[in-house]
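Keep in mind that this is a model prediction, so the values were computed, not measured. To find a chain, count down the sequence lines: A is the first, B the second, and so on, and within it residues start at 1.
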Amino acid sequence: MSAKPLKDPLELFDIASVLTDEEREIQSTVARFLEDRVRPHIGQWFENAHFARELAPELGKLGVLGMHLEGYGCAGTNAVSYGLACLELEAADSGFRSFVSVQGSLSMFSIWKWGSEEQKLQWLPRLAAGEAIGCFGLTEPDFGSNPSGMRTKAVREGGDWILNGSKMWITNGGIADVATVWAQTEEGIRGFLVPRGTPGFTTQDIKQKMSLRASITSELYFDNVRLPDSARLPLAEGLRGPLSCLNEARFGILFGAVGAARDSIQAAIDYADSRVQFDKPISAFQLTQKKLADMTVSVGSAALLAVHLGRLKDQHRIRPEQISVGKLNNVREAIAIARECRTVLGANGISLEYSPLRHANNLESVLTYEGTSEMHTLVVGQAITGYPAYR
Amino acid sequence: MNIVVLVKQVPDTAAERALSEGDHTLDRENTDLVLDEINERAAEEALRLKATTDAEVTVVSMGPDSALDSIRKVLAMGADRGIHICDDRLQGADVVTTARVLAAAVRTVADVDLVLAGNAATDGQASAVPAIVADLLGLPQLTHVRELVLDAKRVRAERETEGGETTLEAPLPALVSVTEKINEPRYPSFKGIMAAKKKPVATIGLDGLFPGADDTGFLVSRTRVVEAVPRPARSAGIRVVDDGLAGRQLADHLIARKLV
């Protein structure tokens with residue numbers, strides 16, 4: 001047995017043995033890109049609430065944006081590869097993973113799945129290349145877990161639509177070139193593509209955040225925004241439209257959370273090995289070992305669950321409640337791990353020089369967005385008992 | 001146009017590297033193996049030339065089964081095909097044997113215009129293989145190149161070594177070895193990674209390259225590692241705090257060591 005500490009807690013599980021060469025290559029390419037381009041700066045970006053937009057074309061060149069979609073300039077990888085990319089992105093920072101999730105799984109997926117051929121040709125190649133940024137407006141100030149009550153409304157006027165309302169907590173909102181916006185209509189909920197600069201469409205970034213500081217979160221306002229019928233996503237009818245997109249994004253999150261947890265544990269293992277108290281490294285004390293052992297067991301289980309769900313998704317067999325199981329467990333475990341890692345780092349743990357508290361703060365958002373942990377608990381509860389307990 | 005790029009898989013320079021106990025050859029069991037970073041730049045240069053000249057790029061590597069990973073990496077970056085020379089008898093091959101094998105592999109590619117290599121690999125650092133390959137192939141060699149320009153029939157290169165800078169020119173075909181200053185290699189794209197699986201890689205053994213050659217005659221390694229010792233740990237050095245007398249302290253230090 002090596003006397004050196006494990007560099008990566010997932011080595012204990014030999015996760016790599018259940019991945020293909022191609023999946024490993026994609027994962028390591030993303031990891032290397034982030035090591036070169038993001039990790040040296042991420043602490044400062046978080047501190048300064050800076051989103052490094054200039055990285056979008058570089059992520060596009062790699063093929064990260066909309067990577068699991070087919071055609072229109074997208075790479076067309078399998079779901080497990082997409083998950084592994086999210087894992088590495090979130091190991092760097094949840095803000096970057098959020099950017100990629102929203103771009104690929106919400107903005108691009110909504111167009112890819114529900115859009116017309118013209119809409120796809122107009123937007124997907126530019127979004128895939130990172131030349132354009134997309135966002136996704138579903139949540140409103142008064143409607144989060146209950147999107148069916150949304151107040152944003154689109155009314156027909158002649159051949160056009162008039163859009164009024166607002167959206168809240170929209171990742172990429174302030175920098176988006178195109179927003180996928182969901183609104184009530186007489187026929188039910190419909191989706192619209194609203195380009196930046198459309199008269200009446202404005203955004204305001206949400207400042208003073210304590211989480212996801214390296215990504216942009218905004219409010220969107222629609223004041224008598226006139227849209228042609230060609231702006232409507234023709235195939236989306238009802239709440240199924242936006243919910244299908246959320247399932248895509250949640251899938252990325254259940255991998256991403258594993259990355260944040262792994263990175264936190266790596267920081268804790270490394271620190272505990274070098275921090276000497278009472279004449280020995282604190283990693284040689286039983287209490288620290290219990291923390292590290294419990295966290296490693298937890299992150300390994302989360303990673304195996306993620307890969308399992310990824311395989312189900314690649315076989316087109318995954319059910320929404322299974323995604324809820326993954327998102328609920330992996331994010332809940334990740335935030336507990338990040339917080340526990342902070343305790344291993346002692347006072348140094350509150351410094352931005354180390355990642356665990358940054359991850360913990362980021363995961364506060366991740367725990368809530370894309371379906372709160374409470375809602376996912378109730379989805380699982382319904383799957384088990386047959387009783388919906390949301391209302 | 002045909003470009004051949006020679007690459008080697010080496011232990012990751014970021015990780016701890018070790019030699020095996022018995023013959024002091026590389027311990028591959030306990031090391032992370034990666035595409036050599038200078039060779040990666042040779043590959044990048046080949047791909048940049050491919051973009052402007054529509055060349056076909058063949059990547060050649062000699063090494064055990066794992067070396068296929070490095071070939072796939074260059075294919076993922078955009079090269080067209082690979083040749084993997086894999087033979088247990090090549091374990092521990094020295095620079096001359098290596099160069100003979102690589103030269104023989106280059107000869108299997110028709111109408112080669114340019115052979116690209118790194119000026120060294122980060123493991124052995126003998127820096128001799130490209131020159132020997134050029135000699136064996138009878139090609140002009142332009143080594144230690146930090147800038148490269150190609151036109152239809154000629155290659156011009158800026159050569160930079162500790163000795164100075166020179167501009168070299170040669171007719172094609174030629175061999176060019178590059179330094180790490182020549183470019184920043186690209187990351188393989190996901191599309192490239194997926195496409196790499198479908199690109200052809202020919203695996204050849206010694207018998208394929210040297211039919212009828214007598215093993216014992218061919219495989220004489222002219223060098224052998226007798227002993228290997230780890231570099232001694234660096235000592236802390238002397239810290240001089242300038243309280244007005246630092247200049248004198250430095251002078252005394254240098255005089256004591258007979259350095260001035």
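Dense packing is recorded around CG of B/Asp151, with more than 12 heavy atoms of other residues, nucleotides or ligands lying under 6.0 Å away. Enclosure of atom CG in B/Asp54 is not indicated, since only 12 or fewer non-hydrogen atoms of other residues, nucleotides or ligands lie within 6.0 angstrom. Taking a 6.0 Å sphere around CG of B/Asp242, one finds it holds more than 12 heavy atoms contributed by other residues, nucleotides or ligands. Shown here is B/Glu180, whose CD atom has no more than 12 heavy atoms of other residues, nucleotides or ligands within 6.0 Å. Within 6.0 Å of atom CD in A/Glu131, more than 12 heavy atoms from other residues, nucleotides or ligands are found, so the atom counts as buried in its surroundings. More than 12 heavy atoms of other residues, nucleotides or ligands sit less than 6.0 Å from atom CZ of A/Arg24.
Put simply, OG1 on A/Thr29 and OH on B/Tyr187 are 10.0 Å apart, with the number rounded to the nearest 0.5 Å. Interatomic distance, NZ of A/Lys7 versus CG of B/Asp32, reported as 7.0 Å (0.5 Å rounding). With rounding to the nearest 0.5 Å, the separation of CD1 in B/Ile193 from CG in A/Leu62 is 8.0 Å.
Using a 4.5 Å cut-off on side-chain heavy atoms (C-beta onward), A/Val30 and B/Phe190 make contact.
A salt bridge links A/Glu22 with B/Lys197: the closest approach of a Lys/Arg side-chain nitrogen to an acidic carboxylate oxygen falls below 4.0 angstrom. A/Arg32 and B/Glu40 are joined by a salt bridge, as a carboxylate oxygen and a charged side-chain nitrogen come within less than 4.0 angstrom of each other.
Heavy-atom minimum distance, A/Lys61 versus B/Ser189: O-CB, 3.5 Å.
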